[in-house]
Amino acid sequence: MTSPWLNIIGIGEDGMDGLSPAARQAIAEATLLVGGARHLAFVGKTASEKLAWPSPLHEAFPAILARRGQPVVVLATGDPFFHGVGSLIAEFIDPAEIAVFPAPSAYALAAAKLGWAGQECRRISLHGRALERIIPLLHQGAKILALSWDETTPQKLAQLLADKGFGPSRLTVLEALGGPREKIRSCQADRFGIEDIDALNTIALEVVAGASARQIPFTPGLPDDWFEHDGQITKREIRAITLSALRPLQGQLLWDIGAGSGSIGIEWMLADPTCRTIAIEDKADRAARISRNALALGVPDLKIVEAEAPAAFDDLPPPDAAFIGGGATDPGLLDAVIAALKPHGRLVVNAVTLETQALLIAQQARLGGELVQLSIARADAVGGFQALKPAMAVLQWTWTKPWIEMHEAPQLAIGIGCKSGVTPDAVIALIEKACSQIGGQPAALYTAKEKQVEPALGEAARRLGLSLIPITRAALKEAAPRAVTKSPRVLALFGVSSIAETAALAGAGPGSQLVLPRIAADGVTCAIAVCAALKDRA
């Protein structure tokens, strides 16, 4: 079993005094200490080499890896795996090689100081992120703990709260918690007057909604007048049904095509903080309007592509779901969306015109799916009385893309990535699982040239009777546009977003496509691709 050589130690404002004897011993024995300048200052003079985090941070990783097998310490703030560096390091070093000494997180310290039940608080990081991300959490009576970016964050947040009708909320600034510089000060958000705030601070917020506050509900179908629009908007009731058909799931990506006001994509992102949207809109004024709506409703990370579809699709990551609210009859649009969708991806198209409805009827006859007519009527004045005035009926086609089914067992290109120290059994188990999902036989294993030296990969290939073929960086990058998974961390380390997927695609050759996107278990990643000829026979 691999012995830990890398120690990740959480350290608080009390410095070395707050560390356990084991953590102190690890620091004393380290040949390399890595951390922020503040953390290294806590340690003081040591015989070990010290390395302050560079910018960007990942540039320090080669120096850490170069000491593999020697005692190395990384110092982190509080809990290294809660908005910390720990998870970044675990991307390229197996957890079996790491010993972790966590300290209380800023969230835990703040809850303890205020006497709040930590499990009942909403937690959010505003460190390097837009303040508007807090807007969906602003509900009457909510308690929120927020990590600040710097000393200006509390005042900026107080102004945002006042502007949004939450001025009566109580805002507490907790500075340098746990150390000699600790301060805790509170005020009402719309009467903010706290000065000389330490850059290291956490904000605790007790939300009070004023009369003008808009509290964003958990259910879809926000009022139409909450969106700035020019009439091009999926109306509230239709929008709620559309979101139900799109079925947002954790971490999934939506293409909102011909986005108009952006209402569908915005509400997709409101379903869960991990949901992502790319809004595709070719009109500049509407694209600007989408940006304002996204910011106002607390999803500032919504991405806008100002271009015509389907040409706009070329450089976009494939979606888990797609919505077309207009323009479905544009030449090639529907086919391009269907081709781009991931397996099991959902497509929802709403049609009002007879021409688009005829297209959807034909598509449903060809591909299946569900056709539903949606009709809404609202009460309106008729003389001195009221009557129900129907809106234009909407025909909605919902379709789920099937997995690719092979009519013959093809030879599969198996792309493999792994962390250091994985076992051959883990590699073999994941390959067998992947092949069972597709129903084919592996032709060879492909991996990045740098990963070829991992003993587990060579041993797994030997046991399976397969070749282990290294793929150069250049070949991986050439295949990268066809990959599905987009990992910024892997991209920073290897120049491609997924080793497993790009290795499989490069191994299967030009024009190949993934039939199984990246899956992972026990530190191993696997993806499967087949060449275009085999796919066409399916």
Side-chain angles (χ1 to χ4, degrees), residues 130 132-133 135-136 164 214 216 220-243 245-246 248 252-271 275-334 336-337 340-341 346-353 355-357 359-360 374 376 391-392 394-397:
E132 286 80 4
R133 295 177 72 248
I135 291 172
K164 294 293 182 181
R214 289 179 174 174
I216 297 177
L222 299 181
D224 294 344
D225 62 6
W226 284 22
F227 297 90
E228 182 187 343
H229 64 90
D230 59 2
Q232 172 108 1
I233 183 172
T234 303
K235 296 297 191 292
R236 176 181 186 170
E237 297 85 355
I238 304 299
R239 193 182 330 122
I241 296 170
T242 300
L243 266 296
L246 286 167
Q252 291 199 331
L253 171 67
L254 171 74
W255 283 4
D256 185 0
I257 301 162
S261 66
S263 62
I264 292 289
I266 288 169
E267 293 214 42
W268 168 277
M269 293 183 70
L270 287 172
C275 288
R276 298 165 294 134
T277 291
I278 297 176
I280 299 160
E281 174 56 61
D282 65 341
K283 293 181 173 57
D285 57 338
R286 287 178 176 168
R289 195 174 291 122
I290 293 167
S291 180
R292 293 193 294 271
N293 283 333
L295 199 64
L297 291 166
V299 290
D301 298 325
L302 182 148
K303 180 179 178 181
I304 302 168
V305 175
E306 189 180 324
E308 289 188 5
F313 301 164
D314 291 346
D315 298 320
L316 300 184
D320 300 282
F323 171 67
I324 304 175
T329 56
D330 292 351
L333 176 61
L334 209 49
V337 175
L341 270 176
R346 284 93 59 202
L347 172 62
V348 177
V349 187
N350 289 354
V352 172
T353 67
E355 290 78 6
T356 308
Q357 290 180 356
L359 174 63
L360 298 190
L374 309 175
I376 301 296
M392 286 191 293
V394 174
L395 184 66
Q396 183 177 89
W397 178 47

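Note that the numbering runs from 1 along the sequence shown for the chain.
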Visitor: Salt bridge check, Lys235 against Asp224: does any charged N sit closer than 4.0 Å to a carboxylate O?
Guide: no

Visitor: Could you walk me through whether Val349 and Val337 satisfy the side chain to side chain contact (heavy atoms under 4.5 Å, CB included) test, starting with their C-alpha distance in whole Å, then the side-chain angles of each, then the deciding distance to 0.1 Å, before giving a yes or no?
Guide: CA-CA 11 Å; Val349 187; Val337 175; over 6 Å; no

Visitor: Calculate, to the nearest 0.5 Å, the distance between atoms CG and OG belonging to Leu243 and Ser263 respectively.
Guide: 8.5 Å

Visitor: Considering all heavy atoms of both residues, which atom of Leu316 and which atom of Lys303 are nearest to each other, and what is their separation?
Guide: CD2-NZ, 4.4 Å

Visitor: Which value, rounded to the nearest 0.5 Å, describes the distance between Arg133 atom CZ and Met269 atom CE?
Guide: 9.0 Å

Visitor: Are Arg276 and Trp268 close enough, and set up right, to give a side chain to side chain contact (heavy atoms under 4.5 Å, CB included), and what steps lead you there?
Guide: CA-CA 8 Å; Arg276 298 165 294 134; Trp268 168 277; 5.6 Å; no

Visitor: With side chains defined as the heavy atoms from C-beta onward, is the minimum distance between Ile216 and Trp226 less than 4.5 Å?
Guide: yes

Visitor: State whether the side chain of Asp320 and the backbone N or O of Leu253 hold a donor-acceptor pair below 3.5 Å, judged by distance alone.
Guide: yes

Visitor: Applying side chain to side chain contact (heavy atoms under 4.5 Å, CB included) to Val348 and Trp397, what does each step give before you reach the verdict?
Guide: CA-CA 6 Å; Val348 177; Trp397 178 47; over 6 Å; no

Visitor: Say you draw a straight line from CD1 of Ile257 to CG of Leu333; how long is it, rounded to the nearest 0.5 Å?
Guide: 6.0 Å

Visitor: Please round to the nearest 0.5 Å and tell me the distance separating atom CG of Asp330 and atom CD1 of Ile324.
Guide: 9.0 Å

Visitor: For the pair Trp255 and Phe313, evaluate ring pair (Phe, Tyr, Trp, His ring centres under 6.0 Å) and give the outcome as yes or no after the intermediate values.
Guide: CA-CA 9 Å; Trp255 283 4; Phe313 301 164; 4.6 Å; yes

Visitor: Would you say the side-chain atoms of Thr277 pair up with the backbone N or O of Gly265, donor to acceptor, closer than 3.5 Å?
Guide: yes

Visitor: Please assess Leu302 against Leu295 for the test side chain to side chain contact (heavy atoms under 4.5 Å, CB included), listing each intermediate value before the final yes or no.
Guide: CA-CA 9 Å; Leu302 182 148; Leu295 199 64; over 6 Å; no

Visitor: Please answer whether the main-chain N or O of Ser261 pairs with a side-chain N or O of Asn293 as donor and acceptor at a distance below 3.5 Å.
Guide: yes

Visitor: Given Gln232 and Arg289, is the side chain to side chain donor-acceptor pair (under 3.5 Å) satisfied, shown in steps?
Guide: CA-CA 11 Å; Gln232 172 108 1; Arg289 195 174 291 122; over 6 Å; no

Visitor: Between Thr242 and Gln396, do the side chains contain a donor N or O and an acceptor N or O under 3.5 Å apart?
Guide: yes

Visitor: When rounded to the nearest 0.5 angstrom, what distance separates CD1 in Ile376 from CE in Met392?
Guide: 13.5 Å

Visitor: Examine distances only and state if a side-chain atom of Glu281 and a backbone atom of Ile304 form a donor-acceptor pair shorter than 3.5 Å.
Guide: no

Visitor: I'd like to know whether Arg286 forms a salt bridge (charged side-chain N to carboxylate O under 4.0 Å, His left out) with Asp230, so could you lay out the CA-CA distance, the side-chain angles of the two residues, the decisive distance to 0.1 Å, and finally the verdict.
Guide: CA-CA 8 Å; Arg286 287 178 176 168; Asp230 59 2; 2.9 Å; yes

Visitor: Determine whether more than 12 heavy atoms belonging to other residues, nucleotides or ligands lie under 6.0 Å from atom CD of Glu308.
Guide: no

Visitor: Distance-only, no hydrogens or angles: does the Arg239 side chain make a donor-acceptor pair with backbone N or O of Thr234 under 3.5 Å?
Guide: yes

Visitor: Side-chain contact, heavy-atom cut-off 4.5 Å: Val352 with Leu395?
Guide: no

Visitor: Ignoring hydrogens and angles, tell me if any N or O in the side chain of Glu132 forms a donor-acceptor pair with the backbone of Ala296 under 3.5 Å.
Guide: no

Visitor: Rounded to the nearest 0.5 Å, what's the gap from CG on Asp256 to CD1 on Ile290? Could you check?
Guide: 7.0 Å

Visitor: Inspect the surroundings of CG in Asp285 and state if more than 12 heavy atoms from other residues, nucleotides or ligands are less than 6.0 Å away.
Guide: yes

